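Take a look at the structure set out below.
Owing to the predicted nature of the structure, the values given are computational and were not obtained by experimental measurement.
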Amino acid sequence: MGSSDEKLVAVIMVGGPTKGTRFRPLSLNVPKPLFPLAGQPMVHHPISACKRIPNLVQIYLIGFYEEREFTLYVSSISNELKIPVRYLREDKPHGSAGGIYNFRDQIMDESPSHIFLLNCDVCSSFPLTEMLDAHKSYGGIGTILVSKVSAESASEFGELVADPTTNELLHYTEKPETFVSDRINCGVYIFTPDIFKAIQDVSSNRRDRANLRRVSSFEALQSATKSFPTDFIRLDQDILSPLAGKKQLYTYETLDFWEQIKTPGMSLKCSALYLAQFRHTSPHLLATGDGTKSATIIGDVYIHPSAKVHPTAKIGPNVSISANARVGPGVRLISCIILDDVEIKENAIVINSIVGWKSSIGRWSRVQSVGDYNAKLGITILGEAVNVEDEVVVINSIILPNKTLNVSVQEEIIL
């Protein structure tokens with residue numbers, strides 16, 4: 001183990017508006033990293049995991065969103081966790097490795113011995129302290145969190161091969177066309193500051209090749225369309241792949257849950273995973289009730305303190321109810337995310353759905369879906385301020401903001 005005076009920092013990549021298109025219509029209202037899973041903003045879960053790292057002195061969020069969109073959250077989470085959280089806005093795309101290199105002076109301000117790097121859009125138990133211990137035993141400049149997935153889904157991720165004895169990364173390829181391995185990159189890393197030298201070397205080599213190139217105008221045009229700017233460095237293809245097999249990078253396999261949060265459907269699945277984790281990490285966040293003085297609670301449920309839920313309602317499992325929501329008598333909620341200021345009137349039913357901010361669901365109405373987290377219409381989504389009138393049924397549909405439904409719909413996208 002390291003000395004008690006060593007310092008560590010964490011960097012969480014939060015992306016930007018152009019990268020959250022698959023998350024619409026939910027990302028039309030708030031930045032995707034601030035969308036609530038299990039009642040907490042998506043980025044809150046990796047931040048909370050970072051808080052458990054010994055000797056952590058700073059957390060940085062790096063992304064393309066306007067600074068004003070993160071100001072309030074960064075201030076509140078810094079106060080809540082008693083650790084500085086700072087948002088750094090990229091001026092242009094630099095790539096996953098170029099992004100941290102662009103802010104290397106800020107990241108190295110406290111002279112940290114190690115740097116954690118996490119992608120915001122992954123759902124995990126984030127075994128960061130275990131990774132740190134493993135990394136220190138391996139040596140090298142970096143350790144990657146990996147997970148075993150089905151052979152059929154592996155090609156959707158970065159596949160890797162590691163030495164079964166030493167855990168050294170031997171081979172890495174991003175989204176290969178042919179099967180390489182059922183071990184995939186989880187988008188969670190720990191590096192020593194030497195990672196900045198590795199990124200600088202890639203940038204310098206790219207600049208040198210550009211300066212040395214002597215080609216015809218046609219060839220120059222062709223190569224220009226294929227090459228990246230010298231300061232655009234991808235962590236996977238430009239750093240991990242070349243360093244594989246050189247005793248520089250190692251792997252740490254998690255046997256716990258891991259998912260990628262690309263779509264609203266996956267956010268509902270990941271909300272369930274985080275609610276289940278709360279049983280062990282934050283049981284005080286989970287609601288209880290037997291239907292006498294408060295609603296009947298089944299399984300893992302989060303209810304914001306400001307929400308009003310009628311005692312005759314039946315809630316759960318996998319339900320998250322946000323601020324100022326109002327849930328009426330006889331309402332049944334199963335596997336759903338209810339966002340701020342939603343009203344659900346008496347005897348309505350919501351199953352496998354996300355109900356957007358300020359929406360209203362009328363008496364005896366049903367909003368539901370089959371609950372296929374990966375299908376385009378696998379869950380029902382109501383955008384902001386959608387009004388479902390009394391006795392209307394909405395099944396396997398996506399409703400964009402500010403719509404009123406007075407007739408039932410099934411498997412439709414209402415623009």
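- Annotation: the span from L61 atom CG to L88 atom CG amounts to 8.0 Å, rounded to 0.5 Å.
- Scanning both residues, G371 and I379, for their nearest heavy atoms gives CA-CG2, 4.5 Å.
- A donor-acceptor pair under 3.5 Å links the side-chain atoms of S137 to the main chain of A134, judged by distance alone.
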Verify side chain to side chain contact (heavy atoms under 4.5 Å, CB included) between H45 and C123, making sure each step is shown before the conclusion.
CA-CA 8 Å; H45 299 283; C123 168; over 6 Å; no
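- With rounding to the nearest 0.5 Å, the separation of CD1 in I395 from CD in E412 is 11.0 Å.
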Before giving the answer on salt bridge (charged side-chain N to carboxylate O under 4.0 Å, His left out), spell out for E253 and R183 the whole-Å C-alpha distance, their side-chain angles and the decisive distance to 0.1 Å.
CA-CA 9 Å; E253 184 168 348; R183 263 54 176 195; 3.3 Å; yes
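- Under the side-chain contact (heavy atoms from CB on, under 4.5 Å) rule, I53 has a single partner from I83, V9, I59, L128, which is L128.
- Between Y138 and the options T251, L249, T143, a side-chain contact (heavy atoms from CB on, under 4.5 Å) holds for only T143.
- Annotation: the span from S369 atom OG to Q410 atom CD amounts to 11.0 Å, rounded to 0.5 Å.
- With contacts defined as side-chain heavy-atom distances shorter than 4.5 Å, the pair Q40/L285 qualifies.
- Distance alone, capped at 3.5 Å, is enough to place a donor-acceptor pair between the S397 side chain and the E411 backbone.
- Contact record, P25 with L400: CB-CG, 4.4 Å, taken as the closest heavy-atom pair.
- For the pair K376 and T263, the minimum side-chain heavy-atom distance is 4.5 Å or more.
- Counting heavy atoms of neighbouring residues, nucleotides and ligands inside a 6.0 Å radius, atom NZ of K403 exceeds 12 of them.
- Between the side chain of D372 and the backbone N or O of N374, at least one donor-acceptor pair lies under 3.5 Å.
- Remark: the backbone N or O of I351 is not paired with any side-chain donor or acceptor of S335 at under 3.5 angstrom.
- At a threshold of 4.5 Å between non-hydrogen side-chain atoms, the residues L132 and F116 count as touching.
- At least one donor-acceptor pair closer than 3.5 Å links the side chain of S267 to the backbone N or O of P264.
- At distances below 3.5 Å, not a single donor-acceptor pair connects side-chain atoms of K32 with backbone N or O atoms of F23.
- Under a 3.5 Å cut-off, the side chain of S294 and the backbone N or O of P311 do not form any donor-acceptor pair.
- Put simply, the side chain of S360 reaches to within 4.5 Å of the side chain of K345, judged on heavy atoms.
- Annotation: side chain of L56 is in contact with side chain of C50 (closest heavy-atom distance under 4.5 Å).
- Looking at heavy atoms from C-beta onward, F126 lies out of side-chain contact with M131 at the 4.5 angstrom threshold.
- Classified by interplanar angle (parallel below 30°, tilted 30° to 60°, perpendicular above 60°), the ring pair F70/Y65 is tilted.
- R104 CZ to K197 NZ: the interatomic distance, rounded to the nearest 0.5 Å, is 13.0 Å.
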Start with the C-alpha gap between N185 and F157, add the side-chain angles, then the distance that decides, and say whether side chain to side chain contact (heavy atoms under 4.5 Å, CB included) holds.
CA-CA 7 Å; N185 177 3; F157 310 100; over 6 Å; no
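- In this structure, Y302 has its ring center no closer than 6.0 Å to that of F278.
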Please determine whether side chain to side chain contact (heavy atoms under 4.5 Å, CB included) holds for the pair L275 and V301, giving the CA-CA distance in whole Å, both sets of side-chain angles, and the decisive distance to 0.1 Å.
CA-CA 7 Å; L275 285 170; V301 172; over 6 Å; no
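- Across every non-hydrogen atom of Y252 and E130, the tightest pair is OH-CB, 3.3 Å.
- A donor-acceptor pair is defined here as one N or O able to donate and one able to accept, closer than 3.5 Å; no such pair exists between the side chain of S241 and the backbone of D238.
- V14 approaches G63 most closely through the heavy-atom pair CG2-CA, 3.7 Å.
- Summarising the geometry, atom CD1 belonging to I337 is positioned 4.5 Å from atom CZ belonging to F35; distances are rounded to the nearest 0.5 Å.
- Considering every non-hydrogen atom in both Y373 and G265, the closest pair reads CD2-O, 3.2 Å.
- Side-chain N or O atoms of E168 include one that pairs as donor or acceptor with a backbone N or O of K247 at under 3.5 Å.
- You'll find the side chain of I303 reaches within 4.5 Å of the side chain of I297, heavy atoms only.
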For Q106 and R86, what are the C-alpha separation, side-chain angles and deciding distance, and is it a side chain to side chain contact (heavy atoms under 4.5 Å, CB included)?
CA-CA 10 Å; Q106 291 93 325; R86 183 179 173 192; 3.8 Å; yes
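- Between L145 and P127, the closest side-chain pair of non-hydrogen atoms falls below 4.5 Å.
- Summarising the geometry, atom CD1 belonging to I141 is positioned 9.0 Å from atom NE2 belonging to H135; distances are rounded to the nearest 0.5 Å.
- Ionic pairing of E6 and K136 is present here: one or more N-O contacts between side-chain nitrogen and carboxylate oxygen are shorter than 4.0 angstrom.
- Without hydrogens or angle criteria, E159 side chain to S181 main chain gives a donor-acceptor distance under 3.5 Å.
- The two residues I338 and L333 make their nearest non-hydrogen contact at CG1-CD1, 4.3 Å.
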